[in-house]
Amino acid sequence: MTTSAHQPQVVKSDEEWRAQLSPEEYAVLRQAGTERPWTGEYVDTTTVGTYSCRACGAELFRSETKFDSHCGWPSFYEPSAKDNVVLRDDTTHGMLRTEVLCGSCHSHLGHVFADAPQTPTGDRYCINSVSIALDEA
């Protein structure tokens, strides 16, 4: 399922990432962790703007593609540009899912599911709030 074999544009050592990110950000962005559902700052946000990677600042999603999926995490139906994210197979936890990574630094953002028929794409990009930052319009 990997959509891109390109190398990350932003490359840092583990020590550099640890120095830059909070422990929670590091656990999600660099170790593919997840925040607890309904606890993220952007779950219910309707503010107009763009969402960027909290690790490298690259644009990822736009507010007009955000929707309420009732899953406990911010959800978007498509990235702001196809190359802004990288998709790859994730077989952890005994299931097959599609992991969503930042296209610039390959930090973990969340997962995408094809279970949102109410959206134009049918996709639900289920993204951890701690992995993104909202830049208000």
Side-chain angles (χ1 to χ4, degrees):
M1 176 57 154
T2 302
T3 59
S4 175
H6 79 290
Q7 295 299 310
Q9 298 166 353
V10 177
V11 179
K12 296 183 180 187
S13 70
D14 191 55
E15 290 174 351
E16 290 172 309
W17 286 122
R18 284 183 186 275
Q20 174 188 330
L21 303 169
S22 73
E24 183 183 20
E25 290 168 345
Y26 182 84
V28 172
L29 288 157
R30 304 309 304 169
Q31 296 180 312
T34 190
E35 62 195 2
R36 290 188 342 265
W38 307 108
T39 63
E41 68 180 301
Y42 300 126
V43 174
D44 297 318
T45 301
T46 58
T47 304
V48 174
T50 57
Y51 290 85
S52 57
C53 176
R54 199 166 292 207
C56 74
E59 183 178 312
L60 301 167
F61 301 97
R62 294 195 177 119
S63 60
E64 57 265 21
T65 65
K66 189 174 187 290
F67 69 102
D68 189 358
S69 67
H70 307 288
C71 71
W73 291 273
S75 296
F76 303 86
Y77 61 79
E78 68 184 353
S80 56
K82 188 174 176 87
D83 290 344
N84 288 2
V85 298
V86 172
L87 305 179
R88 75 174 176 201
D89 290 342
D90 176 3
T91 58
T92 60
H93 305 294
M95 62 183 105
L96 177 60
R97 299 181 293 173
T98 303
E99 182 180 16
V100 180
L101 306 171
C102 171
S104 293
C105 70
H106 289 200
S107 288
H108 173 80
L109 304 172
H111 292 86
V112 63
F113 305 94
D115 64 0
Q118 73 275 35
T119 70
T121 63
D123 291 330
R124 174 174 56 96
Y125 286 79
C126 186
I127 306 298
N128 291 286
S129 286
V130 73
S131 67
I132 55 178
L134 173 60
D135 303 310
E136 293 185 31

Q.
Salt bridge check, E15 against K12: does any charged N sit closer than 4.0 Å to a carboxylate O?
A. no
* **Within-4.5 Å side-chain heavy-atom neighbours: F76 and C126** => no
Residue set satisfying side-chain hydrogen bond (donor to acceptor under 3.5 Å, both in side chains) with S63, at least two apart, ordered chain then number -> none
Taking every heavy atom of H106 against every heavy atom of L101, the minimum-distance pair comes out as O-CD2, 3.8 Å
Hey, are the side chains of S131 and C53 touching, using non-hydrogen atoms and a 4.5 Å cut-off? no
dist D123:CG -> S75:OG (nearest 0.5 Å) comes out at 11.5 Å
Separation between CE (M95) and OG1 (T91), nearest 0.5 Å, reads 10.5 Å
- Query: Transitively linked via ILVMFWY side-chain contacts under 4.5 Å: L60 with V100?
  - Reply: yes
When rounded to the nearest 0.5 Å, the distance separating OG1 of T34 from CD of Q31 is 13.0 Å
Sorted by chain and number, sequence neighbours left out, side-chain hydrogen bond (donor to acceptor under 3.5 Å, both in side chains) with E78 holds for none
Shortest non-hydrogen pair, S52 vs G57, comes out as CB-O, 3.5 Å
For S13, the side-chain hydrogen bond (donor to acceptor under 3.5 Å, both in side chains) test, sequence neighbours excluded, returns E16
Closest non-hydrogen contact found for D68 with H70 is OD1-N, 3.2 Å
Tracing side-chain contacts under 4.5 Å among Ile, Leu, Val, Met, Phe, Trp and Tyr outward from V130 reaches V28
Here the pair of heavy atoms bringing G40 nearest to E35 is CA-OE2, 3.8 Å
Check: T47 main-chain N/O paired with T45 side-chain donor or acceptor under 3.5 Å:
no
Connected to Y77, directly or through other members, by ILVMFWY side-chain contacts below 4.5 Å are F67
For V48, the other hydrophobic cluster members (4.5 Å side-chain criterion, sorted by chain and number) are none
Looking only at heavy atoms, the pair that brings A55 and L21 closest together is CA-CD2, 4.1 Å
Applying salt bridge (charged side-chain N to carboxylate O under 4.0 Å, His left out) to D83 and not counting sequence neighbours gives none
Separation between CD (E25) and CD (Q20), nearest 0.5 Å, reads 8.0 Å
task = Would you kindly say whether R88 and T98 are connected by a side-chain donor-acceptor distance under 3.5 Å?
result = no
**Request:** For R62 and T50, run side chain to side chain contact (heavy atoms under 4.5 Å, CB included): C-alpha distance rounded to whole Å, both residues' side-chain angles, the deciding distance at 0.1 Å, then the answer.
**Result:** CA-CA 4 Å; R62 294 195 177 119; T50 57; 4.1 Å; yes
Applied to residues 113-137, the ring pair (Phe, Tyr, Trp, His ring centres under 6.0 Å) test, sequence neighbours excluded, yields F61-Y125
* Take V112 and E99, measure what side chain to side chain contact (heavy atoms under 4.5 Å, CB included) needs, and give me the verdict at the end. => CA-CA 7 Å; V112 63; E99 182 180 16; over 6 Å; no
Would a 4.5 Å heavy-atom cut-off, applied to side chains only, mark P8 and S104 as touching? no
Value for NZ (K66) from CG (L134), rounded to nearest 0.5 Å, stands at 9.0 Å
Verify the cluster assignment for L109 and V43: are they in a single hydrophobic cluster under the rule of side-chain heavy atoms below 4.5 Å apart?
-> no
So ring pair (Phe, Tyr, Trp, His ring centres under 6.0 Å) across residues 26-48, not counting sequence neighbours, yields Y42-Y51
Sorted by chain and number, sequence neighbours left out, salt bridge (charged side-chain N to carboxylate O under 4.0 Å, His left out) with E41 holds for R54
Applying salt bridge (charged side-chain N to carboxylate O under 4.0 Å, His left out) to D44 and not counting sequence neighbours gives none
In terms of heavy-atom contacts, S107 and R30 come closest through OG-NH1, 2.8 Å
Contacts of D90 meeting side-chain hydrogen bond (donor to acceptor under 3.5 Å, both in side chains) (sequence neighbours excluded), chain-then-number -> T92, R97, H111
